[in-house]
Undergrad: 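First, the structure itself, so that you have it in front of you.
Basis for what follows: all heavy atoms, side chains included, without hydrogens, waters or symmetry-related copies.
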Amino acid sequence: MSMGCPLLDQLSHRSYDEDGTHVVELDITSEIRGPRGAVHGGLIASLADRAGAYAVVQASQRPVVTSSVALSYLAAATVGPLG
């Protein structure tokens, strides 16, 4: 399933439904790690945005657009997959 744009679609990811929950997972590869080995926060925000948009579309049966996102990062993402 698409991540929402051609750039993000190039990333190694999976999306599937499991027990009534939609799951989006992103593999952590050397291409998406920063100099200190952590995944860039923007990619994590995109993953969260994609999962949230999917949930809203499923509930409303209408196209959606994100107007704002606020995240608090508690620790660096260095192992995965991220989901």
Side-chain angles (χ1 to χ4, degrees):
M1 183 176 289
S2 173
M3 286 279 282
C5 75
L7 176 64
L8 295 176
D9 286 342
Q10 294 178 46
L11 301 175
S12 178
H13 73 282
R14 292 167 296 292
S15 62
Y16 55 91
D17 294 315
E18 181 177 282
D19 299 327
T21 300
H22 185 69
V23 178
V24 182
E25 294 179 336
L26 177 67
D27 293 327
I28 297 179
T29 62
S30 59
E31 291 81 17
I32 64 170
R33 290 180 188 272
R36 301 189 96 172
V39 176
H40 189 282
L43 286 177
I44 296 169
S46 294
L47 190 66
D49 180 49
R50 161 61 176 75
Y54 182 89
V56 173
V57 166
Q58 291 301 318
S60 68
Q61 296 298 304
R62 296 174 39 196
V64 299
V65 238
T66 302
S67 61
S68 67
V69 174
L71 296 174
S72 296
Y73 299 97
L74 303 177
T78 56
V79 296
L82 298 174

Undergrad: Grab the two heavy atoms, one from Tyr73 and one from Gly41, that are nearest each other, plus how far apart they are.
TA: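 The answer is OH-O, 2.7 Å.
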
Undergrad: Closest approach of Gln58 and Gln61, non-hydrogen atoms and distance?
TA: O-NE2, 2.9 Å

Undergrad: With a 4.5 Å cut-off on side-chain heavy atoms, are Arg14 and Val23 touching?
TA: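 Result no, sub-4.5 Å side-chain heavy-atom pair not found.
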
Undergrad: Pick one: which of Val24, Val64, Asp17 meets side-chain contact (heavy atoms from CB on, under 4.5 Å) with Tyr54?
TA: Asp17

Undergrad: Nearest 0.5 Å, please: how far is CG in Leu26 from CG in Leu43?
TA: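 Answer rounded to 0.5 Å: 6.5 Å.
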
Undergrad: Is it true that Val69 and Val57 fall in one hydrophobic cluster, defined by side-chain heavy atoms closer than 4.5 Å?
TA: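 The answer is no; the residues belong to distinct hydrophobic clusters.
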
Undergrad: Hey, which of Thr29, Leu47, Ile28 is the one that makes side-chain contact (heavy atoms from CB on, under 4.5 Å) with Val39?
TA: Ile28

Undergrad: If you take all heavy atoms of Asp27 and Ile32, which pair is closest and at what distance?
TA: O-CD1, 3.4 Å

